[in-house]
Number of protein chains: 2
Amino acid sequence: MAWNTAETKRRLKKSAVAEFAAHGLGGTTMERIARRAGINKERLYTYFGDKSQLFATVLADELNKVAAAVPLNDLDGPEAVAAYAAAVYDYHAEHPELTRLLLWEGLLDLPEVPDEASRTDYYRTKVAAFTRAQQANLISNDMPGADLAFLILALAGWWYAVPQMARMMHADDPATPDTARAALMRAARKLATPAV
Amino acid sequence: MAWNTAETKRRLKKSAVAEFAAHGLGGTTMERIARRAGINKERLYTYFGDKSQLFATVLADELNKVAAAVPLNDLDGPEAVAAYAAAVYDYHAEHPELTRLLLWEGLLDLPEVPDEASRTDYYRTKVAAFTRAQQANLISNDMPGADLAFLILALAGWWYAVPQMARMMHADDPATPDTARAALMRAARKLATPAV
DNA sequence: GTGGATCCCAACCCAAACGTTGGAGTTGGA
DNA sequence: TCCAACTCCAACGTTTGGGTTGGGATCCAC
C-alpha cells in the first residue's frame with residue numbers, strides 16, 4: 001500500500017482531538033491516540049513531537065476553528081444578537097469536543113495561548129460588530145461592546161461548561177436543550193435591548 | 001511528637017484541593033499531594049481510599065462549600081439580583097481553586113456527581129428564591145426561575161472558565177476585574193428587570 | 001507497665017505509559 | 001539499477017506513579 005503522509009497526519013490529529021477533548025492532557029495516553037487512529041505510536045513523535053507539543057498543536061488548530069466558526073453578520077438589533085447567541089449554542093451542541101478543548105485550555109491557565117494572535121484577530125472582528133451596532137444605536141450601549149459580546153458567549157457556553165450544575169439546578173423541572181435555548185435567546189435579546 | 005489524625009487529614013485534604021484544582025484528576029499525582037502536605041503517601045490511601053475516591057471526597061467537601069458560600073437573601077428586586085451576581089463573582093475571585101474544581105468536575109462528565117443530593121437541595125433553595133421573587137412580581141418572570149438563576153451564574157462564572165477568551169476579546173481595551181464586575185452587574189440587573 | 005490498637009514512614013512492587021530504536025518496506029531521482 | 005530519503009511498525013528501555021507492606025513509634029485501656 002502506498003504511503004500517505006498527509007492522510008496519516010490527518011487521522012492522528014483527528015484521533016488526538018477526540019482523546020484530548022474526552023480526557024484532557026493528563027488523562028490522555030499517546031498509545032490510545034495511536035490505536036484509535038490505527039497508526040503506530042511512533043508516528044506521533046516524529047510528526048508532532050512529544051505529548052504536550054501535540055496538545056498545543058491540536059489546540060491551535062481546532063480552537064482557531066471555534067473562534068471562526070459561527071459567522072456574525074451585521075447586528076441590526078437585539079433580535080440579531082439573540083439569533084447569534086442561539087447559533088453559538090447550536091455550535092457547541094454540534095461540536096462538543098471543541099467546547100471541551102476550550103475549557104481545558106482555560107484550566108491550563110497559560111500566560112499565552114497557542115496561536116493567540118490569530119485568534120485574537122477573530123475575536124476582534126466579533127467585538128467590532130457589536131461596537132458598530134452600538135454606535136448606530138441598534139443595540140444597547142450601556143456597557144462596552146467587548147463585555148456585551150463576552151457575556152453573550154457566557155450565556156451560550158455555560159450549559160456546556162458545567163452540565164452538572166445545569167442538571168442540579170433544573171432538578172425539579174428538567175431543562176431540555178430546547179428550553180435552554182429559548183431561555184438563552186430571551187436573555188440575549190434582553191441584554192442587547194437598549195434601555196428605554 | 002504526638003499523633004494528630006485530624007490535623008493530618010486536614011493537611012492532606014488541603015493539599016489535595018490545591019493539586020486537583022491546579023492539575024485536575026489526571027494531571028495530579030498522589031505523590032505530589034503527599035509531598036506538598038509533608039505527609040507520607042500511604043496516609044492518603046488509608047484515610048481516603050484510592051485516587052478517584054479522594055477526588056470525589058474533595059469535590060464533595062469543597063463544592064458543598066461553594067454552594068453554601070454565597071448567601072442569597074430574599075430577592076426584592078433587580079438590584080438584589082445584581083448584588084448577588086457580584087457576590088458570586090467576588091467569591092470566585094477569592095477562591096479560584098473551587099471554581100476550577102467545579103469546571104473539572106464538569107469536564108469529567110459523570111452521570112452523577114459526588115454528593116449530588118445535598119448539592120441539588122442547595123441549588124433548589126437558590127432557585128426557589130428566584131421563583132418566589134418572580135411570583136411576587138419583583139423581578140422578571142419571562143423565563144423559568146431556574147433558567148434565570150442559572151444564567152446569572154453563567155455571567156459571573158464565565159470569566160473564570162475561559163480566562164483566555166476574556167483576555168483575547170478584551171485585547172484592545174483590557175478588562176480589569178472591576179470593569180468586568182461592573183458589566184456583570186449591569187447585565188444581571190437587566191436580566192432581572194421585568195419588561196415594561 | 002503491658003498489650004493491643006493506631007499512627008506514620010521508608011521502601012518496595014508492578015503496571016502503565018512516555019519516548020526510542022532498529023529494521024523492513026516504499027518511493028523517486030541520478 | 002542503485003541508493004538516499006522517507007514511511008511505518010514491533011519491540012524495547014526507562015521513568016512515572018498508583019498502590020502495598022513491614023516495621024518502628026506512640027497512645028490508651030486495663
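Any value given below was found using the heavy atoms of this structure, including those in side chains, with hydrogens, waters and symmetry copies removed. So that the names make sense, note that chain A is the first sequence line, chain B the second, and so on, each numbered from 1.
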- Message: At under 4.0 Å between heavy atoms, how does the protein contact nucleotides 17-23 of chain C? Give one character per nucleotide, 5' to 3', with B, S or -.
- Response: SBBBB--

Whole angstrom is fine here: how far is it from [atom1] in [X] over to [atom2] in [N]?
X: Arg35(A); N: dC8(D); atom1: CZ; atom2: P; result: 19 Å
X: Asn4(A); N: dC9(D); atom1: CG; atom2: P; result: 12 Å
X: Ile33(A); N: dA16(C); atom1: CD1; atom2: P; result: 18 Å
X: Leu12(A); N: dT7(D); atom1: CG; atom2: C1'; result: 12 Å
X: Arg11(B); N: dC7(C); atom1: CZ; atom2: P; result: 15 Å

- Task: Using the salt bridge (Lys or Arg N to Asp or Glu O under 4.0 Å) rule, pick out the option among Arg100(A), Arg35(A), Arg36(A) that qualifies with Glu19(A).
- Result: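 Looking at Arg100(A), Arg35(A), Arg36(A), the match for Glu19(A) under the salt bridge (Lys or Arg N to Asp or Glu O under 4.0 Å) is Arg36(A).
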
- Phosphate-side-chain proximity, Thr8(B) and dC7(C), N/O vs OP1/OP2 below 4.0 Å: no

All N/O contacts under 3.5 Å from nucleotides 3-6 of chain C to the protein, with atom names and distances to one decimal?
none

- Polar side-chain atom of Lys9(A) near backbone of Tyr47(A) as donor-acceptor pair, under 3.5 Å: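 Checking the backbone N and O of Tyr47(A) against the side chain of Lys9(A), no donor-acceptor pair under 3.5 Å is found.
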
Do [X] and [Y] sit within salt-bridge range, that is, some charged N less than 4.0 Å from a carboxylate O?
X: Arg124(A); Y: Asp121(A); answer: yes
X: Glu62(A); Y: Lys65(A); answer: yes
X: Arg181(B); Y: Asp90(B); answer: yes

- Evaluation steps, salt bridge (Lys or Arg N to Asp or Glu O under 4.0 Å), between Arg119(B) and Glu105(B): CA-CA 13 Å; Arg119(B) 285 166 67 191; Glu105(B) 184 186 56; 2.9 Å; yes

- Which heavy atom of Thr131(A) sits nearest a heavy atom of Gly145(A), and at what distance? OG1-CA, 4.2 Å

- Query: More than 12 heavy atoms of other residues, nucleotides or ligands under 6.0 Å from CZ of Phe55(B): is that the case?
  - Reply: yes

- Using a heavy-atom cut-off of under 4.0 Å over every strand shown, decide if Leu44(A) touches base, sugar-phosphate, or nothing.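 Nothing: the residue Leu44(A), judged by heavy atoms under 4.0 Å, touches no strand.
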
